[in-house]
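Numbering of ligands and ligand atoms starts at 1, following listing order. What you are looking at is a predicted structure, and each value in this text was computed from that prediction instead of being measured. In what follows, residues are counted from 1 in the order of the sequence shown. Values below: all heavy atoms of this structure, side chains included; hydrogens, waters and symmetry mates excluded.
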Amino acid sequence: MKKGEIISVRTPVDVIPGISTVRKKSFDALGANDLGGLADHFPRGYQNRKNICKLADAPIGTPVSLILTVGTDPKSVKLRGNLSLTKFKAFDDSGSCEIVFYNRTYADKSYPRGSTHRFYGRLTCDKNVLRLNSPETEPYYDGAKLLPMVPIYPLTAGLSQKIVMNSVRRALDLLYSKESELAAYTSIPPADPIPSEVRKKYNLCARAYAYENIHFPSDEETLKQAGDRLAFEELFLLSVKLNYTKRTQKREIAPRMTDTELNGFLSMLPYELTGAQKKVCAAICEDMAVNVPMSRLVAGDVGSGKTVCAAAGAYIAMKNGYQAAMMAPTEILARQHYNDMSELFNKLGYKVELLIGATKASEKKRILEALKEGKVDFIIGTHSLIGDKVEFKAAGLVITDEQHRFGVRQRAALGEKARGVHVLVMSATPIPRTLALILYGDLDISQINEMPPGRQKVDTFVVNESYRDRLNGFIRKQVDAGHRVYIVCPTVEEAQTEADDETDVSLSDFFEFFEKEEKPALKSTLEYARKLREEIFPDLGVGYIHGKMKSAEKEAAMNAFVNGETQILVSTTVIEVGVNVPEATLMIVENAERFGLSQLHQLRGRVGRGKEKSYCVLVSDAKAGTSSAKRLEVMRMTSDGYAIAERDLEQRGPGDFISSGGDIRQHGKLKLRLASFTDAALIMDASEAAASVISKDPELSLPEHAGLKQALGELADANASFAN
Ligand code: ADP
Ligand code: MG
């Protein structure tokens with residue numbers, strides 16, 4: 001570090017002495033490649049070492065902090081293989097115990113007889129001998145600065161707790177400290193993005209204090225203050241950003257649709273719209289009749305009939321001489337929409353085309369050219385529609401179906417493409433109000449809260465493996481009656497493993513995190529399909545479909561099921577969204593405990609779409625009383641998508657509402673590190689504060705909003721970099 005050098009949150013971590021090029025790579029892997037990133041690398045828990053126990057009072061089996069003096073010279077012995085064991089006695093004024101380390105030959109030198117240390121670990125008691133196995137230790141002497149609560153960080157290869165902790169310490173000192181090294185460089189402490197007025201109103205601590213205490217709290221109280229403030233900050237920034245985007249969007253100009261008469265379209269439908277659908281269509285027509293871009297979310301339960309509302313919007317665009325586009329999250333769904341829409345709109349004289357990853361290059365070229373020349377009126381596809389080469393002659397409306405399946409990244413990219421056009425997004429997941437406030441703060445929301453007439457409730461059962469034979473009998477009965485059956489198996493995922501350090505104060509004590517559960521062996525789709533086909537139903541048509549199959553194979557498998565050549569379809573969750581096969585009357589979900597509630601609700605929504613009575617069977621060996629079993633019970637008792645969504649949010653966090661499936665989930669997932677989407681009060685406060693700031697200072701040009709503006713810029717940079 002040179003004299004006069006300027007230090008900021010964007011200064012690379014290797015400015016810290018001891019961080020080499022190799023080590024920097026490890027920090028990169030943690031997402032902490034600069035000082036700001038390091039400061040944002042929050043502990044996942046803390047060891048509370050401040051309450052010192054006397055040996056005589058120390059509980060057995062729970063982590064304790066002890067101050068002990070070494071009473072005997074450490075002795076090391078070699079055990080089998082490379083294993084060695086070091087042992088010595090240590091005492092305080094209430095008693096003594098044995099300290100044991102494994103594979104720590106240098107322990108001989110670190111614990112000379114008579115030296116005192118703070119030990120942290122679990123005591124065991126074996127034949128009246130107290131023993132502390134592999135404790136954490138720190139030398140203890142007059143004036144020793146020992147942390148009361150020691151942070152435990154998420155790690156990655158090449159990094160230890162100590163390295164990360166010391167690096168974070170340095171980063172905070174460099175960024176926020178006003179003393180010591182100041183002479184050597186110029187530090188620009190990051191301005192507080194929460195204006196002081198807002199901080200006062202919601203009783204939030206200052207930023208430097210929050211960073212200090214989220215990493216190095218002196219007690220639970222300061223930790224809570226820090227966490228509250230940082231959680232508020234996350235939601236506040238997100239909310240300001242969405243408010244800001246909404247305002248900018250509204251300033252753009254979109255084509256004004258002068259003719260919003262829907263009768264020609266409605267007369268082509270085989271049914272009458274429900275009251276709720278009529279309202280949504282009216283709102284869409286009204287939005288498109290002015291030159292302010294529409295940005296509307298249509299939210300409605302599975303099967304509530306959102307597609308036809310989107311089609312009405314497309315009809316208005318085409319009728320006024322503009323093109324429409326619709327993006328669906330899976331090929332299967334895109335194809336299905338294409339089939340339905342082309343049947344409907346060809347009759348009205350409009351040209352509909354399908355563009356998916358599997359479309360042949362020559363065909364793609366032809367479609368893209370036709371689109372550019374205005375010879376295609378309505379283009380339907382997957383995220384290949386976001387591709388660079390897609391150009392419209394006169395785009396009027398862009399529709400995203402099953403919006404929640406797309407990540408933040410895709411949504412941003414489509415928004416970019418869709419500058420100056422009307423935007424309609426459809427989401428089958430009923431979004432809890434609190435979440436909608438944040439996630440869709442930039443959209444107007446229409447709810448479809450009514451089902452098309454004649455829908456029957458899908459009867460839901462939860463069974464375990466002992467019902468297998470009866471279940472197979474039931475499948476046969478359904479097929480014999482001319483119906484179709486879905487069997488869904490979970491996809492095989494690697495179980496996540498994480499170093500299991502001891503923490504006794506977990507962040508989740510303060511903030512809700514995802515629950516971890518044990519995962520039973522999974523049924524593999526392929527193996528299961530083979531068994532059904534060869535052993536159980538050799539006389540029936542059993543098809544299978546999964547995400548890794550080639551597009552043409554997927555199409556063939558889906559078509560065979562739609563046409564009834566196969567009556568049983570074994571599938572991964574690729575059929576989760578949107579798929580519409582009215583003859584299907586039975587949905588069986590294997591290892592049902594592996595699925596989130598919203599996902600199960602989506603899957604159940606694949607049946608009960610026709611006139612016949614439909615059933616959903618959740619197969620699971622989850623033990624009674626576990627949270628898995630409770631979740632399945634919610635499914636059995638409830639068919640209301642909203643109630644289910646609220647429960648899901650409570651139990652699992654917002655993952656399912658935001659995106660899922662393969663890489664989309666990983667990149668696009670909206671992560672809140674500290675804040676929880678279930679904390680309604682916090683969300684309300686943060687969005688209220690954001691709205692008031694934006695309405696007072698829409699351009700964020702006031703000096704007290706400089707920090708906020710800067711933070712939003714950084715947020716945008718971070719988004720841009722993860723788009724690659
Ligand atoms: P989702 O909201 O899940 O996207 P869809 O739009 O796929 O639902 O509609 C589900 C089914 O309901 C489709 O088969 C559709 O033709 C039918 N449908 C939609 N609206 C009505 C209505 N008003 N009356 C009768 N059937 C309808
Ligand atoms: Mg749909």
Side-chain angles (χ1 to χ4, degrees), residues 262-263 265-282 284 296-315 326-345 347 380-382 399-406 424-431 445-458 484 486 558 561-562 573-585 587 598-612 614 616 639-642 644-645 657 660-661:
L262 279 177
N263 284 339
F265 168 75
L266 296 178
S267 67
M268 302 297 290
L269 300 177
Y271 49 76
E272 169 109 10
L273 291 188
T274 62
Q277 285 170 323
K278 282 183 189 152
K279 260 193 225 151
V280 174
C281 288
I284 292 172
R296 181 168 295 278
L297 168 74
V298 178
D301 211 343
V302 185
S304 60
K306 294 179 293 294
T307 320
V308 69
C309 301
Y315 173 75
M326 173 143 88
M327 181 167 83
T330 64
E331 265 178 42
I332 296 173
L333 187 52
R335 230 182 259 283
Q336 180 187 294
H337 282 322
Y338 169 72
N339 293 338
D340 295 349
M341 297 291 167
S342 48
E343 194 188 318
L344 178 66
F345 286 121
K347 285 187 220 148
I380 296 175
T382 50
I399 303 160
T400 316
D401 192 22
E402 307 290 351
Q403 163 70 42
H404 65 287
R405 294 291 301 250
F406 290 99
L424 188 60
V425 304
M426 330 287 284
S427 185
T429 306
I431 302 153
I445 301 180
S446 297
Q447 302 274 7
I448 304 192
N449 48 11
E450 182 186 354
M451 284 288 170
R455 287 285 162 78
Q456 300 185 40
K457 187 176 158 291
V458 176
R484 310 240 221 294
Y486 291 106
M558 207 60 220
F561 189 62
V562 170
T573 51
V574 288
I575 56 123
E576 174 185 335
V577 286
V579 171
N580 193 27
V581 181
E583 293 82 3
T585 54
M587 164 62 68
S598 294
Q599 218 176 1
L600 288 173
H601 182 64
Q602 289 286 331
L603 287 170
R604 180 166 62 184
R606 297 311 112 215
V607 297
R609 299 188 150 238
K611 291 180 290 296
E612 305 294 337
S614 294
C616 174
S639 50
D640 173 2
Y642 274 89
I644 290 174
F657 296 96
S660 67

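- Taking every heavy atom of V302 and a limit of under 4.0 angstrom, the matching atoms of ligand 1 come to 3 (O).
- By the 4.5 Å heavy-atom criterion applied to side chains, V581 and Y486 are counted as neighbours.
- Qualifying salt bridge (charged side-chain N to carboxylate O under 4.0 Å, His left out) partners for K611, counting only residues two or more places apart in sequence or in other chains: none.
- At a threshold of 4.0 Å, the pair E450-R455 does not count as salt-bridged, since none of the basic side-chain nitrogens sits closer than that to a carboxylate oxygen.
- Per-residue contacts place R609 under 4.0 angstrom from the following atoms of ligand 1 (heavy atoms of the residue considered): 3 (O), 7 (O), 10 (C).
- Across the listed options Q602, Q336, R455, R455 owns the non-hydrogen atom lying nearest to atom 11 (C) of ligand 1.
- Close contacts between ligand 1 and T274 involve ligand atoms 23 (N) [criterion: under 4.0 Å to a heavy atom].
- Between atom CG of residue N339 and atom CG of residue N580 there is a gap of 11.5 Å, rounded to the nearest 0.5 Å.
- Considering only heavy atoms from C-beta on, T382 stays 4.5 Å or farther from P329 through its side chain.
- Distances below 4.0 Å separate heavy atoms of N580 from the following atoms of ligand 1: 13 (C), 14 (O).
- Listed by number with element, the atoms of ligand 1 under 4.0 Å from a non-hydrogen atom of T307 are 4 (O), 5 (P), 6 (O), 7 (O).
- By the 3.5 Å distance cut-off applied to N or O atoms, G305 is counted among the residues near ligand 1.
- Residues T585 and R484 have side chains that never bring a donor and an acceptor to within less than 3.5 angstrom of each other.
- Heavy-atom separations between E272 and ligand 1 include at least one value shorter than 4.0 Å.
- Contact annotation for L273 and ligand 1: only backbone heavy atoms (N, CA, C, O) come within less than 4.0 Å of the ligand.
- With hydrogens and angles disregarded, no donor-acceptor distance shorter than 3.5 Å links the side chain of D401 to the backbone of M327.
- Residue-ligand proximity, P452 to ligand 1, at heavy-atom distances under 4.0 Å covers atoms 20 (N), 21 (C), 22 (C), 24 (N), 25 (C), 26 (N), 27 (C).
- Ligand 1 is never approached by G300 to a heavy-atom distance shorter than 4.0 Å.
- Rounding to the nearest 0.5 angstrom, the gap separating the CZ atom in R296 from the CD1 atom in I399 is 14.0 Å.
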